[in-house]
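These notes concern the structure reproduced below.
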2 protein chains.
Amino acid sequence: MLSIGELSRKTGVKVPTIRYYEQMKLVTAPERSEGNQRRYSNVELERLTFIKHARDLGLKIDAIRELLDLSAHPEQPCEDANRIAEDHLVATRERIAQLQRLEAELMRITTGCQGDSIKDCYVIQSLSDHALCQDGH
Amino acid sequence: MLSIGELSRKTGVKVPTIRYYEQMKLVTAPERSEGNQRRYSNVELERLTFIKHARDLGLKIDAIRELLDLSAHPEQPCEDANRIAEDHLVATRERIAQLQRLEAELMRITTGCQGDSIKDCYVIQSLSDHALCQDGH
DNA sequence: ATAATCTCTCTAGTGACTATAGCTTCAAGA
DNA sequence: TCTTGAAGCTATAGTCACTAGAGAGATTAT
Ligand SMILES: [Zn+2]
Ligand SMILES: [Zn+2]
Ligand SMILES: [Zn+2]
Ligand SMILES: [Zn+2]
């Protein structure tokens, strides 16, 4: 049986975050010691490891909840799990594309200023006037 | 003189957001009509246009506040403005790089599943076991 | 036994908005 | 002028995924 601190060290999830996940019903409330402290078994260790990995990959809590529910039904088809992962991949790609447009614009802006005074600063001018931009953001 | 709705339409910033910016002291409280409604001049239109553009480029409110303060002193050197823009460019690039690592991992995961049942689902397995990943995230 | 560390609950704060409720004001048509 | 409907007002709470802090109690090591 693990204390919350030990579970935290093993998973890399911070102690207050574990308690937050319990509140959000992402993990079920574990057993308690005589003195009311949480005591975790390997089942919870594995579940929290799953959650951590999914969060690190950028999945939202709701998506993770769905995936956890699905993994509790091993005989069901896995199309829903695949769809969740694919949707997240698509969203990630869209986010990358958007950030790349911003990157191009920011590069143009930062390299355009010769470091004179504010009244001639190309950074300030560019922010004041979107017409100087190459792209629609 | 513009009402808040007209200002919203001209800038693309939603009405509640304009009021929020006023609360955050990003824009100063404008004049009021006899009936206590906000009335904006072109000064505020330009300022809000600047803010909108900076937000669209991903700058944080605090950075925008600094840039607005700087642009009020036209004779000062502009190195601080350049630094803010460059810092944001660096942060944007880091974010892109991180998302690209996630994208690669998600692509591997989503293409790895042949759509069988949950107990054989490669999506679920990958989330359970970071050792299957190619990269550290 | 004592000290150091951990854990408990509860509340509030973060960033940048968004939504709702219940009210008042404004502008335009009849 | 009266009326109606849109727009605006304030204040409060909700979003997401945590993070910080206070003040009390539990556990562990010496
Ligand atoms: Zn400059
Ligand atoms: Zn632009
Ligand atoms: Zn699958
Ligand atoms: Zn991984």
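For the numbers below, each heavy atom of this structure counts, side chains included, while hydrogens, waters and symmetry mates do not. The structure presented is a predicted model; accordingly, all values stated were derived computationally and were not measured.
- Between A:R38 and the options A:E44, A:E22, A:E31, a salt bridge (Lys or Arg N to Asp or Glu O under 4.0 Å) holds for only A:E22.
- For A:S3, the listed nucleotide lying nearest its side chain is C:dT7; candidates were C:dT7, D:dG8, D:dT19.
- Remark on DNA chain D: of its neighbouring residues A:S33 and B:R38, the 5'-side contact belongs to B:R38, judged by nearest-heavy-atom nucleotide.
- B:L2 has its CG atom 15 Å from the P atom of D:dA7, to the nearest Å.
- Picking from D:dC18, C:dT9, C:dA16 the nucleotide with the shortest atom distance to the side chain of A:R19 gives C:dT9.
- A salt bridge is defined here as a Lys NZ or Arg NE, NH1 or NH2 lying under 4.0 Å from an Asp or Glu carboxylate O, and A:D69 with A:R65 fails to meet this definition.
- Looking at heavy-atom distances under 4.0 Å, B:R32 makes contact with sugar-phosphate atoms alone, never a base.
- Taking the side chain of A:K60 as heavy atoms from C-beta on, and the options D:dA17, D:dC9, C:dA16, the nearest nucleotide is D:dA17.
- Residue A:K25 contributes atom NZ, which lies 19 Å from atom C1' of D:dC16 at whole-angstrom precision.
- Comparing C:dT25, D:dT27, D:dT19 by their nearest atom to the side chain of B:Q37 picks out C:dT25.
- Side chains of A:N82 and B:T110 form no contact here, defined as non-hydrogen atoms less than 4.5 Å apart.
- When rounded to the nearest whole Å, the span between CE of B:M24 and P of C:dT18 equals 14 Å.
- You'll find that the side chain of A:K14 is closest to D:dT19, out of D:dT19, D:dA17, C:dT7.
- Here the P atom of nucleotide C:dA19 and the CD1 atom of B:I18 are 15 Å apart, to the nearest Å.
- As a whole-Å value, the separation of A:Y20 OH from D:dA20 P is 15 Å.
- Mapping B:R39 and A:G5 onto DNA chain C via the closest heavy atom, the residue that lands nearer the 5' end is A:G5.
- Separating the CD1 atom of A:I61 from the P atom of D:dT15 is a distance of 14 Å, rounded to the nearest angstrom.
- Between A:T17 and A:E34, the one whose closest nucleotide on DNA chain D sits nearer the 5' end is A:T17.
- With D:dT19, C:dC8, C:dC17 as the candidates, the nucleotide lying closest to the side chain of B:Y21 is C:dC17.
- The residue among B:R55 and B:N36 whose nearest nucleotide of DNA chain C is located toward the 5' end is B:R55.
- Between B:L48 atom CG and C:dA16 atom P there is a gap of 15 Å when expressed in whole angstrom units.
- Remark: P of C:dA16 and CD of B:E22 are 18 Å apart, rounded to the nearest angstrom.
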* To do: Go through the steps for A:Q98 and A:R95 under the test side-chain hydrogen bond (donor to acceptor under 3.5 Å, both in side chains), then give the verdict.
  => CA-CA 5 Å; A:Q98 196 210 350; A:R95 184 85 184 109; 2.8 Å; yes
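- Checked against D:dT27, D:dC9, C:dT7, the side chain of A:I4 finds its nearest nucleotide in C:dT7.
- Between B:E6 and B:R9, none of the side-chain N atoms (NZ, or NE/NH1/NH2) sits under 4.0 Å from a carboxylate O, so this pair counts as no salt bridge.
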